[in-house]
Amino acid sequence: MQIDLAIKPRRRLSLTSLIDVIFLLLLFFMLSSTFTRFADVELVAGRSGQTIVSELPKILIVLDGDSWGVNGVRLPRDDAIELLVSKTEEAHSTAVVLVRGKTDAQQLVSAVETLHKLEGLRFSVAR
């Protein structure tokens, strides 16, 4: 006498749909990420209660949109940089950068990068 067991053969699990889902996730994450490096701008802030003993700044730079003011003279950006180069030929000039008017964050970062490139100029940013 033969006994039939009611066991059905196991159905094999298909991995094709799982591979498709993994491929779609990989594609999504690769396309949504950025691979560009952004430039760093070093900003050093003073500490609370810290006293600074130094000479008064000799140069006042006012950023107002696309125009720069250097010691009260309003100039286009390139002319202001030339004037600053001539003023920083003296040893260790100090400057204060005031942000006014229509200056946006990108213009401020560009100005800070430009001023960092000038030899012999130490500056601080004020609002």
Side-chain angles (χ1 to χ4, degrees):
M1 175 165 133
Q2 184 177 8
I3 300 176
D4 275 340
L5 298 176
I7 298 176
K8 294 182 181 176
R10 280 189 149 180
R11 195 175 120 213
R12 293 189 67 198
L13 184 62
S14 173
L15 295 179
T16 306
S17 60
L18 181 63
I19 291 172
D20 288 344
V21 170
I22 291 173
F23 178 72
L24 286 174
L25 287 173
L26 179 67
L27 187 67
F28 170 75
F29 287 122
M30 285 180 64
L31 292 177
S32 64
S33 63
T34 58
F35 294 107
T36 58
R37 282 188 122 168
F38 295 103
D40 296 334
V41 176
E42 181 181 338
L43 294 177
V44 179
R47 295 184 188 143
S48 175
Q50 181 182 15
T51 58
I52 299 173
V53 180
S54 66
E55 74 267 4
L56 292 173
K58 296 180 180 171
I59 303 170
L60 175 66
I61 303 168
V62 179
L63 299 178
D64 189 4
D66 290 331
S67 66
W68 289 29
V70 179
N71 289 346
V73 179
R74 237 175 155 64
L75 299 167
R77 180 182 178 272
D78 295 333
D79 295 339
I81 292 170
E82 288 178 17
L83 180 63
L84 286 171
V85 167
S86 68
K87 287 188 177 287
T88 57
E89 288 174 355
E90 305 166 7
H92 301 293
S93 297
T94 56
V96 173
V97 179
L98 294 175
V99 181
R100 298 286 183 252
K102 306 171 204 168
T103 306
D104 59 7
Q106 182 59 48
Q107 290 170 333
L108 175 62
V109 169
S110 298
V112 168
E113 285 178 340
T114 302
L115 293 174
H116 266 296
K117 292 177 185 174
L118 297 178
E119 294 291 328
L121 178 68
R122 294 180 325 193
F123 66 94
S124 58
V125 178
R127 48 180 174 140

Hey, is the main chain of Ser110 close enough, under 3.5 Å, to the side chain of Glu113 for a donor-acceptor pair?
no
Side-chain contact test, heavy atoms from C-beta onward, threshold under 4.5 Å: evaluate it for Trp68 versus Leu83 and give yes or no.
no
Val97: partners by side-chain contact (heavy atoms from CB on, under 4.5 Å), with sequence neighbours left out
Ile61, Leu63, Leu115, Phe123, Val125
Which value, rounded to the nearest 0.5 Å, describes the distance between Lys117 atom NZ and Leu84 atom CG?
14.5 Å
Which residues pass the side-chain hydrogen bond (donor to acceptor under 3.5 Å, both in side chains) test with Asn71, not counting sequence neighbours?
none
Using a side-chain heavy atom cutoff under 4.5 Å and only I, L, V, M, F, W and Y, what cluster partners does Leu98 have?
Leu60, Val62, Val96
Got a sec, which residues hit salt bridge (Lys or Arg N to Asp or Glu O under 4.0 Å) with Asp64, two or more places apart in sequence or on another chain?
Arg74
For Leu18, check side-chain contact (heavy atoms from CB on, under 4.5 Å) against everything at least two apart and list the hits.
Leu15, Ile22
Which pair of non-hydrogen atoms, one from Gln107 and one from Lys102, has the smallest distance, and what is that distance?
OE1-O, 3.6 Å
Rounded to the nearest 0.5 Å, what's the gap from CG on Leu118 to CD1 on Ile59? Could you check?
9.0 Å
Does Thr114 have any side-chain hydrogen bond (donor to acceptor under 3.5 Å, both in side chains) partners at least two apart in sequence or in another chain, and if so, which?
Arg77
